[in-house]
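Notes follow the structure.
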Amino acid sequence: MSLKSERRGIHVDQSELLCKKGCGYYGNPAWQGFCSKCWREEYHKARQKQIQEDWELAERLQREEEEAYASSQNTQGAQSLTFSKFEEKKTNEKTRKVTTVKKFFSASSRTGAKKVAQERNLKQEQLGRERNADNILRDLKEIFTPSWELAFPTEAEIQEAKAPSPSINRQVSIETDRASKEFIEFLKTYHKTGQDIYKQCKMFLEAMHRKRELSIEEQSECAQDFYQNVAEKLQTRWKVSPEKVEKVMDQIEKYIMTRLYKYVFCPETTDDEKKDLVVQKRIRALHWVTPQMLCVPVNEEIPEVSDMVVKAITDIIEMDSKRVPRDKLACITQCSKHIFNAIKITKNEPASADDFLPTLIYIVLKGNPPRLQSNIQYITRFCNPSRLMTGEDGYYFTNLCCAVAFIEKLDAQSLNLSQEDFDRYMSGQTSPKKQESENWSSDTCLGVKQMYKNLDLLSQLNERQERIVSEAKKLERDLIDWTDGITKEVQDIVEKFPLEIKPKNQSLAAIDSENVENDKLPPPLQPQVYAG
């Protein structure tokens, strides 16, 4: 699926979303552009071809080994040919004599002994033929039987397993228990058919738990084959109406994937987690990409549109919290519907596919959903294939895959930027500048204008902050210099005019106080009273 860029916009032909084999279903980059059905056919063809080549190689090696062994035996046989003939003649003569004596003394039991020997020989021959037939059937089964049937237990194996697997008896979560109860209640309406469906699902889960050592691709093949086999049985053997088959398959998927989620979502044997980190880092580095660069026809200044954008981001982030592939697909579908509504409100007309994909890319860049690649791989591997090949779920999921592919390969040409500007934006050295007001076109949306206005204000605030910090540092240096200067001046004055501390003088006695030591002073005046 090639992505094209035209005038800062992203355009994908709808034909490129379809299976490249031309079957009419939606393709998927994870399946090399094929739909689920065509991919499985191509996979089985390649697998059968590889098996045939391996079979021919094994036969050729066995034939060469037999020829080498025969040639070595001929060399040894020529040396002992005379002795072997002598031993054979002697043995035959001895056997003939013993048989003659037995015939002479046991004539009445001759027929019975002969029958017993014949029956014994027949049983041995029959047992040998059965063993050879079993070996041949086992080999053919391993070659031509689908992988999920090899993992599928037989009735005898289930009866032999007296104690169930410890993993099955583990403490199930609340969600798993609730899904099981809902599944059982749903199947009660189908009576005998429901019992058969439940039995098939339990046997499949037992098989999957015993085959955890398989690669995730092989486990995916088991699940896809199981879906296909059950869907065929629902229509042919159990005579379920086509409109109910989809509901039954949704319940089956919910039941089995709720139980298998812990083991098949982002397993340690894959590089899904590594891909998640790469995509997350890539989206963070593209934080500077603006809606105008992607030609996004959405005006976030309109309150209703802003709410739709927030809901779309919430839905795409919430996808990671779901355990069932169908529920994850539902989050993608709901996110896409919010995007279409936002475009419709902004343009006052129905949105087109050319408007949808750029907006979806913008939502992914703005939301940076957690474990994005793991969720896409999980849906691809274990979702009911009919949902991914047709319908709105398949269409929106294919567009999400295209959006992620575009983000991974986004370059300067895709955004109509020079390589120098693109490199500076990616390194964080600068950010897109505000467009001059005289260069605005008449049809430019208000959201883009407001965004550049805000960027200009932020740039001015940044310059003011840098200026304030520079002045503050200068003031700090001036205060330090002033303090040092004052300290130096004080020291110089102290050194030039040293301070001399004289002893404390004796305090003078008060004139009217009683001074015992000084007899020269006159006595104090006494008040006198005159009568008049």
Side-chain angles (χ1 to χ4, degrees), residues 1 3 10-20 22-31 33-39 224 227 231 242-254 257 296-298 308-309 311-347 349-364 367 369 372 375-406:
M1 300 179 182
L3 298 174
I10 303 151
H11 173 72
V12 176
D13 293 333
Q14 294 304 299
S15 60
E16 297 181 3
L17 300 178
L18 301 178
C19 175
K20 67 180 184 181
C23 64
Y25 296 124
Y26 291 118
N28 193 307
W31 296 325
F34 293 103
C35 67
S36 175
K37 181 180 179 181
C38 296
W39 167 249
Q224 297 297 327
Y227 288 145
E243 58 271 11
K244 292 184 178 180
V245 170
E246 184 176 356
K247 295 182 180 179
V248 175
M249 293 304 300
D250 289 342
Q251 292 295 327
I252 291 175
E253 177 188 321
K254 181 179 180 180
M257 295 315 304
V296 176
V298 169
M308 292 295 176
V309 171
K311 290 179 180 179
I313 295 174
T314 303
D315 288 331
I316 199 67
I317 293 176
E318 189 179 359
M319 173 180 62
D320 185 61
S321 64
K322 306 299 182 180
R323 303 180 71 176
V324 183
R326 179 172 61 88
D327 294 341
K328 293 181 181 291
L329 273 180
C331 292
I332 299 174
T333 300
Q334 195 64 28
C335 168
S336 302
K337 290 182 178 179
H338 288 315
I339 291 175
F340 272 106
N341 290 334
I343 297 173
K344 182 178 179 180
I345 296 173
T346 302
K347 300 179 66 176
E349 61 182 17
S352 64
D354 292 338
D355 296 331
F356 169 67
L357 183 58
T359 311
L360 178 60
I361 294 173
Y362 174 68
I363 293 297
V364 173
L372 183 57
N375 282 287
I376 291 177
Q377 292 296 330
Y378 176 69
I379 294 173
T380 302
R381 291 165 181 161
F382 296 101
C383 184
N384 186 358
S386 62
R387 282 190 169 273
L388 299 183
M389 294 191 299
T390 57
E392 60 179 6
D393 290 343
Y395 173 76
Y396 295 140
F397 179 72
T398 304
N399 275 274
L400 178 62
C401 294
C402 291
V404 175
F406 177 84

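- Summarising the geometry of Gly367 relative to Ile317, their closest heavy-atom pair is O-CD1, 3.8 Å, with the distance given to 0.1 Å.
- Closest approach of Val296 to Tyr362, counting heavy atoms only: CG2-CB, 3.8 Å.
- Ser386 is linked by a side-chain contact (heavy atoms from CB on, under 4.5 Å) to Asn384, counting only residues two or more places apart in sequence or in another chain.
- Contact check on Glu253 versus Arg387 returns no salt bridge, with no Lys/Arg side-chain nitrogen under 4.0 Å from an Asp/Glu carboxylate oxygen.
- Looking at residues two or more places apart in sequence or on another chain, you find a salt bridge (charged side-chain N to carboxylate O under 4.0 Å, His left out) between Arg323 and Glu175.
- Atom CZ of residue Phe397 and atom CG of residue Asn375 lie 9.5 Å apart, to the nearest 0.5 angstrom.
- Distance check, rounded to the nearest 0.5 Å: SG of Cys331 to CZ of Arg326 gives 11.5 Å.
- The minimum heavy-atom distance linking Ala312 with Cys335 is given by the pair O-SG, 3.3 Å.
- Using cut-offs of 30° and 60° on the angle between ring planes, the pair Tyr396 and Phe340 is tilted.
- Contact record, Tyr227 with Met249: O-CE, 3.5 Å, taken as the closest heavy-atom pair.
- Partners of Asp327 by salt bridge (charged side-chain N to carboxylate O under 4.0 Å, His left out), not counting sequence neighbours: none found.
- Taking CD1 from Ile316 and CE from Met319, the interatomic distance works out to 4.5 Å, rounded to the nearest 0.5 Å.
- Residues that satisfy the side-chain hydrogen bond (donor to acceptor under 3.5 Å, both in side chains) test with Lys311, not counting sequence neighbours, are absent from this structure.
- Glu243 pairs by the salt bridge (charged side-chain N to carboxylate O under 4.0 Å, His left out) definition with nothing, not counting sequence neighbours.
- Residues meeting the side-chain hydrogen bond (donor to acceptor under 3.5 Å, both in side chains) test with Asn341, sequence neighbours left out: none.
- Atoms SG and CD1, on Cys401 and Ile379 in that order, are 8.0 Å from each other to the nearest 0.5 Å.
- Pairing each heavy atom of Ala403 with each of Ile361, the nearest pair is CB-CG1, 3.7 Å.
- The pair Lys347-Asp355 meets the salt-bridge criterion, since a charged nitrogen lies less than 4.0 angstrom from a carboxylate oxygen.
- Taken to the nearest 0.5 Å, the CD atom of Gln251 stands 13.5 Å off from the NZ atom of Lys244.
- With contacts defined as side-chain heavy-atom distances shorter than 4.5 Å, the pair Asn399/Ile332 does not qualify.
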| Stepwise side-chain contact (heavy atoms from CB on, under 4.5 Å) test for Val298 and Ile339 | CA-CA 9 Å; Val298 169; Ile339 291 175; 6.0 Å; no
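- Interatomic distance, CD of Glu392 versus CG of Leu329, reported as 10.5 Å (0.5 Å rounding).
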